[in-house]
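Before any comments, here is the structure.
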Amino acid sequence: MITQHGIAVSPGVVIGPALVLGTENFRIPKRLVAEDAIDTEIARFRAATDAVCEEIANNEKLANEQLGQQYGVIFSAHLQMARDPKLIGEIEELIREKCQSPEYAASRVLRRYAKVFQNLGNSYLAERAADIFDLEKRILRHLLGESRGELSQITEPVVVLANNLTPSETASMNPEFVLGFATEVGGHTSHTAILAGALEIPAVVGIGDFLSDVAGGEIIVIDGNHGEVIIDPDEKTLQRLQDSKARSLSVAERLQSLQPLESETKDGVRVQIYGNIEFPEEVEHCTRRGADGIGLYRTEFLYLRKQLEPSEEDHYSAYCRVLEAMGDQPVVIRTLDLGADKVSTGFESVVQGTQNPMLGLRSIRLSLQNIQTFKTQLRAILRSAVNGDVRIMFPLVSSLLEFRQARMILTDVMEDLEHEKIPFKSDIPIGMMVEVPSAALLADEFAREVDFFSIGTNDLIQYTLACDRSDPSVANLYRSGDPSILRLIRMVIEAGDRHDKPVTVCGQMSADPKFVPLLVGLGLRQLSATPYAIPGLKEVVRNITIRQAQKIAEHAETLDLARDIENYLRGELDKLCPDLVL
Ligand code: PEP
Ligand code: MG
């Protein structure tokens, strides 16, 4: 049994067989080879290794010619490994004696060697493990060729283990078969993590190197409550996890009974709780939990699930689906937030070659440089808005000029629709996300021009603390409870109050129940969170008075370390709603 620790990003405990995706996310089949097919499979394996050797020999030749022999030797070492009779012999033995598929056998043997190198306690040799992974990748590429497995085509329950999963790959997962997933990289608020929560797939990310411990087929436990991944659990551990699973389920059932109740404090103040969604089908996850509306509709996922750019009608029908399900409750449609880690077909060139995609052409900046795409979306939003209470929100606004440009394009689109005599809603509230420190610092100036604010703490934290939200190596520095974040949130709430403009928090911070007393105490009256979190948030709101919340916020603001603030808030939550402390 091996236990790995990572960042818990989507709650729940699941147990199932491992499906390992290599660094290129190959799906390695653990199929057994029929005895009469063994010779054919060995021949297939040999053909793949021959092709790999030829590839490496070509690279060696090129490197020798163009870079010099000192670079060529890198490839001669790879070639030696690829032709190593002991290595090849071990793989062929597994195929012949154990009837394993060449993909599975090659992967198992090479990973075992990589692990030996990693554990030799010598950093030079540990780096050679990367060469072995490279060899594995090459062999798998030749073996699997075009038949590389797609996540969307998984048809048996599995636990997916990968180095990394892009948001589009995660979006294509079917929760019926992907019981849970764990990745070596990724951070607490990476979009892959957010999607896991949206799809309600238990997940742990940012584990660091662990794929060399698994080959596929082993029993894996993903504990998305505590950030644990257990390979080959023993009986005692399995029992402990089954118990913890049963406990979480009973808390979830109790919280579900809050669904028809108002989200209001003990002293009768309403705190609206909205849901964040990425796909129209998630609306049902929100209504089932008693959400007051949709506070953030991340529309870019319409692009991430499709090969082609969505048409105006694609946008329109997705928005109408959401509006129809929400009746007269508000729906905040955020315009495209593509770029950084959310890259769709057609926009790859925008991020390729960018040194710092998080600081590059993403979000509203991308829309302002691709006006036609932007207008297509705005037309669909305005047209759908006749069917409900729609509000438009621009993401990642960092200057007043940007907000004004976006609003001007919206006015242009309204003129076009009017000219074409197409019905649309003109008096639509226009808000912005506060995700960049400049926007929080200038909240008073923005408040004169916007109809509402929504604080996107996922990005606000990364830009304020200079911590990539997806990078596990700085996950310990990425803290929602940092005093600088509290101060920026307070600034925005106070600016909103001064100008009578509503403020919501829609980042992952608002999905964490321990921050609810703080946010309410800072004056927030609207939260928007991933649907599974809604019942827990409601429970906290219903167990606190405004004065209590204010006292908690005041005390938190006297502390000067994120760690102390978060520990203090955890302690307060334990007094209010002990069941919610994980
Ligand atoms: C945020 O940044 O907090 C946010 C809600 O937007 P996203 O997570 O989609 O970047
Ligand atoms: Mg954001």
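- Listed by chain and residue number, Y303, Y319 satisfy the ring pair (Phe, Tyr, Trp, His ring centres under 6.0 Å) test with H315 (two or more places apart in sequence, or in another chain).
- Contact of the I565 side chain with the L518 side chain is not registered, since no non-hydrogen atoms from C-beta on lie closer than 4.5 Å.
- In this structure D243 satisfies the side-chain hydrogen bond (donor to acceptor under 3.5 Å, both in side chains) test together with Q239, sequence neighbours excluded.
- Between R334 and E300, at least one side-chain nitrogen of the basic residue sits less than 4.0 Å from a carboxylate oxygen of the acidic one, meeting the salt-bridge criterion.
- By the ring pair (Phe, Tyr, Trp, His ring centres under 6.0 Å) test, F446 pairs with no residue at all, sequence neighbours left out.
- With sequence neighbours excluded, the residues forming a side-chain hydrogen bond (donor to acceptor under 3.5 Å, both in side chains) with T265 are D267, listed by chain and number.
- I207 contributes atom CD1, which lies 9.0 Å from atom CD1 of I7 (distance to the nearest 0.5 angstrom).
- Here F181 contributes atom CZ and L199 contributes atom CG; the two are 8.5 Å apart, rounded to the nearest 0.5 Å.
- Within 6.0 Å of atom CZ in R487, 12 or fewer heavy atoms from other residues, nucleotides or ligands are found, so the atom counts as exposed in its surroundings.
- In this structure, R111 does not pair ionically with D213, as no charged nitrogen and carboxylate oxygen lie closer than 4.0 Å.
- Between F301 and F279, the ring-plane angle classifies as perpendicular under the 30° and 60° cut-offs.
- Considering only residues two or more places apart in sequence or on other chains, H555 meets the ring pair (Phe, Tyr, Trp, His ring centres under 6.0 Å) condition with Y568.
- By the 4.0 Å N-to-carboxylate-O rule, E278 lies close enough to R298 to be salt-bridged with it.
- With hydrogens and angles ignored, the 3.5 Å screen pairs a side-chain donor or acceptor of R542 with a backbone N or O of E262.
- I154 places none of its side-chain heavy atoms less than 4.5 Å from the side chain of N174.
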Name the atoms and distances for all side-chain donor-acceptor pairs under 3.5 Å in residues 495-502, with sequence neighbours left out.
unit_1, atom_1, unit_2, atom_2, d
R498, NE, D444, OD1, 3.2
R498, NH2, D444, OD2, 2.8
H499, NE2, D444, OD1, 2.9
K501, NZ, A447, O, 2.7
K501, NZ, V450, O, 2.8

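- Legend: residues meeting side-chain hydrogen bond (donor to acceptor under 3.5 Å, both in side chains) with R525, ordered by chain and number and at least two apart, are absent.
- A salt bridge links R240 to E228: one of the charged nitrogens lies within less than 4.0 Å of a carboxylate oxygen.
- Here the side chains of I294 and C286 are in contact, with some heavy-atom distance below 4.5 Å.
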When you look at T464 and I485, which way does the side chain to side chain contact (heavy atoms under 4.5 Å, CB included) test go after all the steps? CA-CA 8 Å; T464 305; I485 304 302; 3.8 Å; yes
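- Residue pairs meeting the side-chain hydrogen bond (donor to acceptor under 3.5 Å, both in side chains) criterion with at least one partner in residues 506-518, sequence neighbours excluded, are D512-K514.
- Between the CZ atom of R479 and the NE2 atom of H188 there is a distance of 10.5 Å, given to the nearest 0.5 Å.
- Applying the ring pair (Phe, Tyr, Trp, His ring centres under 6.0 Å) test to residues at least two apart or on different chains, none of the pairs has a partner in residues 203-232.
- You'll find the side chain of L537 stays beyond 4.5 Å of the side chain of V540, heavy atoms only.
- Electrostatic pairing of D459 and R469 counts as a salt bridge here, judged by a charged N lying under 4.0 Å from a carboxylate O.
- A salt bridge links E572 with K575: the distance from a Lys NZ or Arg NE/NH1/NH2 to an Asp or Glu carboxylate oxygen falls below 4.0 Å.
- Side-chain contact annotation: N387 with S384, donor-acceptor N/O pair under 3.5 Å absent.
- Taking CG of L573 as the reference point, atom CD of E539 lies at 9.0 Å (rounded to 0.5 Å).
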Might you work through the side chain to side chain contact (heavy atoms under 4.5 Å, CB included) test for I489 and T457, ending with a clear yes or no? CA-CA 9 Å; I489 293 177; T457 46; 4.1 Å; yes
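- I231 contributes atom CD1, which lies 4.5 Å from atom CD1 of I2 (distance to the nearest 0.5 angstrom).
- You'll find the side chain of N163 stays beyond 4.5 Å of the side chain of T183, heavy atoms only.
- Counting heavy atoms from C-beta outward, E324 and V283 have side chains that stay 4.5 Å or more apart.
- For the residue pair Y463 and S398, no side-chain donor N or O sits within less than 3.5 Å of a side-chain acceptor on the partner.
- At most 12 non-hydrogen atoms from other residues, nucleotides or ligands lie less than 6.0 angstrom from CZ of R563.
- R448 is linked by a side-chain hydrogen bond (donor to acceptor under 3.5 Å, both in side chains) to nothing, counting only residues two or more places apart in sequence or in another chain.
- Residues N225 and S248 have side chains in contact (heavy-atom distance under 4.5 Å, counting atoms from C-beta outward).
- With L580 as the partner, the side chain to side chain contact (heavy atoms under 4.5 Å, CB included) test is satisfied by one option alone out of L255, N543, V516, D574: L255.
- Using a cutoff of 4.0 Å between basic side-chain nitrogens and carboxylate oxygens, R362 and D337 are scored as salt-bridged.
- Here D234 contributes atom CG and I219 contributes atom CD1; the two are 13.5 Å apart, rounded to the nearest 0.5 Å.
- Neither side chain, E435 nor N458, offers a donor N or O lying under 3.5 Å from an acceptor on the other.
- The pair E557-R490 counts as a salt bridge, with a side-chain nitrogen and a carboxylate oxygen less than 4.0 angstrom apart.
- Sequence neighbours left out, the pairs with a member in residues 201-212 that pass side-chain hydrogen bond (donor to acceptor under 3.5 Å, both in side chains) are Q118-S212.
- Between V221 and V13 the shortest side-chain heavy-atom distance falls below 4.5 Å.
- Within the structure, the salt bridge (Lys or Arg N to Asp or Glu O under 4.0 Å) test picks out the following pairs touching residues 188-207 (sequence neighbours left out): E200-R289.
- Nearest heavy atom pair, residue M433 against residue G456, reads CE-CA, 3.7 Å.
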What's the verdict on side chain to side chain contact (heavy atoms under 4.5 Å, CB included) for L477 and L465, showing C-alpha distance, side-chain angles and the deciding distance? CA-CA 8 Å; L477 304 175; L465 300 177; over 6 Å; no
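- Residue D328 qualifies as open at atom CG: its count of foreign heavy atoms under 6.0 Å is 12 or below.
- At a cut-off of 3.5 Å, with distance as the only test, a side-chain donor of S528 or N276 sits close to an acceptor on the other residue.
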